[in-house]
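Order of the sequence lines sets the chain letters (A, B, ...), proteins ahead of strands, with each chain counted from 1. Basis for what follows: all heavy atoms, side chains included, without hydrogens, waters or symmetry-related copies.
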There are 2 protein chains.
Amino acid sequence: MSANDNTVNIRANKGGYHHGDLRSALIETGLKMLEQGSAEALSLREIAREIGVSATSIYRHFPDKDALLAALAAEGMAKLAREQKAAAKGKDGKEAFTEMGRAYVRFAVRNPALFRLIYTSLPAAADPNCVNAEESPGWLLRESIAGLAGATASAAQKRAALLRAWSLVHGLAMLILSGQIAGPDVDSLINEVVSVDSLKLR
Amino acid sequence: MSANDNTVNIRANKGGYHHGDLRSALIETGLKMLEQGSAEALSLREIAREIGVSATSIYRHFPDKDALLAALAAEGMAKLAREQKAAAKGKDGKEAFTEMGRAYVRFAVRNPALFRLIYTSLPAAADPNCVNAEESPGWLLRESIAGLAGATASAAQKRAALLRAWSLVHGLAMLILSGQIAGPDVDSLINEVVSVDSLKLR
DNA sequence: CAAATAATGTTTACAGCGACAACATGAGCG
DNA sequence: CGCTCATGTTGTCGCTGTAAACATTATTTG
């Protein structure tokens with residue numbers, strides 16, 4: 001019932017054996033289902049069912065479930081980075097920085113399963129020579145802080161400031177997601193926590 | 001092969017049909033297996049196999065898998081609280097506070113799966129009238145901060161300081177666990193981030 | 001102390017899952 | 001037109017969580 005209503009494909013399903021652009025459809029419906037359930041609860045068979053395709057067709061595009069989840073995580077990370085950039089656009093200095101932190105937490109609250117997936121997938125992004133490092137949310141904060149700290153700050157100081165900033169927004173996001181922190185609304189929580197003054201920039 | 005080597009039970013297995021103290025054994029081996037794999041990878045049947053008991057015997061003590069995981073999480077939370085208290089013992093003021101944060105992160109690094117489980121289980125601890133609130137790690141930080149902030153601080157200021165402190169250590173722990181942050185060792189990372197001065201207590 | 005009853009563990013069974021192998025289809029190129 | 005290979009399907013396997021019916025032992029009670 002749902003094989004033909006996917007209109008986003010480059011070339012739509014011609015009504016038969018081949019889907020047309022199954023890979024994109026898998027990622028798309030995968031993301032859609034992540035909006036309504038956790039990543040662990042996500043099942044390959046369910047995705048296939050939703051698209052209207054056999055369960056094992058997935059393995060023509062991804063070696064296993066983890067690979068599909070990694071693709072979803074990558075998509076989510078790109079989306080997060082985009083929202084961060086958009087939030088900081090037109091602003092600079094402290095304001096740009098604050099807006100990026102705000103966007104980070106807002107993204108987590110609005111996409112809980114996807115946000116969690118991002119940080120449970122990709123098990124190796126630690127070393128500096130990471131492939132996707134420049135698209136990582138942490139990297140965006142780094143740029144912002146580098147600008148904030150000024151020329152007088154040492155590399156170590158900048159690194160410490162980045163660590164603090166990232167830890168702060170990430171921790172706030174995670175605590176909200178796990179229901180440990182309640183507030184009138186998310187924005188006021190962010191305001192309580194994300195304050196440039198509290199980051200000890202220099 | 002492993003039904004009789006469990007010597008921790010109150011009354012040991014008499015060699016036959018009944019285990020003796022299966023509930024404790026389940027939690028115990030559950031925790032043990034959490035040391036070597038994620039919580040999602042944990043299987044009821046595997047635990048039962050390890051203990052040497054049938055798979056469905058678990059349902060005499062826990063209604064479903066989530067209930068067992070919740071019990072493991074509760075155990076982990078208690079352990080974390082204990083370690084925090086122990087770390088702060090004999091110290092006070094800033095030092096006690098710093099040591100508690102350090103213990104928090106150290107616990108996460110040493111018990112990754114358990115730490116994650118703690119914060120994915122227990123979906124409702126947000127509202128103030130939570131049952132286990134006083135055993136929550138956040139609560140311990142709260143006490144410490146209340147002492148730190150002094151009498152002049154308002155309730156809102158204390159709350160904000162707690163939020164910042166908890167977010168900071170929790171975020172650092174989570175980022176380390178997800179491999180986003182690397183450092184020479186954990187303690188130096190903690191030192192970089194956990195500094196009372198950065199919490200803007202008043 | 002013996003019999004009834006409750007607590008605890010077992011067997012059997014089922015549906016859903018991820019994944020592999022063998023097969024079917026059809027798109028694109030010569 | 002016909003070949004080839006990418007893509008989708010069917011069938012199957014072993015694993016999982018969990019429900020129902022049954023077996024055994026602990027505990028209470030007459």
Side-chain angles (χ1 to χ4, degrees), chain A residues 1-4 6 9-30 33-34 36-72 113 117 120-121, chain B residues 1-6 9-30 33-34 37-72 113 117 120-121:
Chain A
M1 75 169 96
S2 58
N4 284 340
N6 195 336
N9 300 342
I10 299 174
R11 41 191 174 164
N13 183 357
K14 287 169 181 168
Y17 205 90
H18 280 38
H19 177 275
D21 191 9
L22 183 53
R23 198 196 150 93
S24 306
L26 287 170
I27 293 182
E28 191 179 336
T29 45
M33 299 182 104
L34 267 189
Q36 291 178 339
S38 77
E40 304 92 53
L42 197 75
S43 114
L44 293 187
R45 294 174 114 104
E46 198 181 348
I47 298 179
R49 230 176 287 133
E50 178 83 10
I51 300 182
V53 93
S54 86
T56 54
S57 62
I58 296 182
Y59 293 92
R60 294 294 157 192
H61 300 274
F62 299 97
D64 57 8
K65 187 182 184 181
D66 277 345
L68 174 55
L69 289 183
L72 296 181
L117 176 63
T120 51
S121 191
Chain B
M1 75 172 94
S2 59
N4 283 341
D5 57 9
N6 195 335
N9 300 339
I10 299 173
R11 39 193 171 164
N13 183 358
K14 287 171 186 171
Y17 205 92
H18 280 38
H19 177 276
D21 191 10
L22 184 51
R23 182 172 219 275
S24 306
L26 287 170
I27 293 182
E28 191 179 335
T29 47
M33 300 183 102
L34 266 189
S38 77
E40 303 92 50
L42 197 76
S43 115
L44 293 187
R45 293 174 113 105
E46 200 181 346
I47 298 179
R49 232 175 286 133
E50 178 83 11
I51 300 183
V53 93
S54 85
T56 54
S57 62
I58 297 182
Y59 292 91
R60 294 293 155 192
H61 300 274
F62 299 97
D64 56 9
K65 186 181 184 180
D66 277 346
L68 173 54
L69 289 183
L72 296 181
L117 176 63
T120 51
S121 190

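Listed by chain and residue number, nothing satisfies the side chain to side chain contact (heavy atoms under 4.5 Å, CB included) test with B:R60 (two or more places apart in sequence, or in another chain). Considering only residues two or more places apart in sequence or on other chains, B:A71 meets the side chain to side chain contact (heavy atoms under 4.5 Å, CB included) condition with B:I27, B:F62.
Rounded to an integer number of Å, the gap from CG of B:D64 to P of D:dG17 is 11 Å. The CG atom of B:D21 sits 14 Å away from the C1' atom of D:dA26 (whole-angstrom rounding). Rounding to whole angstrom units, CG of residue B:D66 and P of D:dT16 are separated by 17 Å. Note: CZ (A:R49) to P (C:dG16) measures 8 Å, nearest angstrom. If you take NZ of B:K65 and P of D:dT18, they are 8 Å apart, rounded to a whole angstrom. Atom CZ in A:R23 sits roughly 11 Å away from atom P in D:dT7 (whole-Å rounding). Atoms CG (B:L44) and P (D:dA19) sit 12 Å apart, rounded to a whole Å. Atom CD of A:E46 and atom P of C:dA19 are 16 Å apart (whole Å).
Taken from CD1 in B:I51 to CD in B:E28, the straight-line distance is 8.5 Å, to the nearest 0.5 Å. Here A:L22 contributes atom CG and A:I58 contributes atom CD1; the two are 7.5 Å apart, rounded to the nearest 0.5 Å. Atom OG of B:S54 is separated from atom CZ of B:R45 by 10.0 Å, given to the nearest 0.5 angstrom.
Between D:dT25 and B:H19, no contact under 4.0 Å exists linking OP1 or OP2 to a side-chain N or O. Between A:H61 and D:dA6 there is no side-chain N or O to OP1 or OP2 distance below 4.0 Å.
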Which protein N or O atoms sit under 3.5 Å from an N or O of nucleotides 10-13 of chain C?
from	atom 1	to	atom 2	distance (Å)
C:dT10	OP2	B:S54	N	2.6
C:dT10	OP2	B:S54	OG	2.9
C:dT10	O4'	B:Y17	OH	3.3
C:dT11	O4	B:T56	OG1	2.6

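Formation of a donor-acceptor pair under 3.5 Å by the A:T29 side chain with backbone atoms of A:A25 is found in this model.
Across all strands, A:L68 comes closer than 4.0 Å to no nucleic acid atom at all (heavy-atom distances).
At a threshold of 4.5 Å between non-hydrogen side-chain atoms, the residues A:L72 and A:L42 count as touching.
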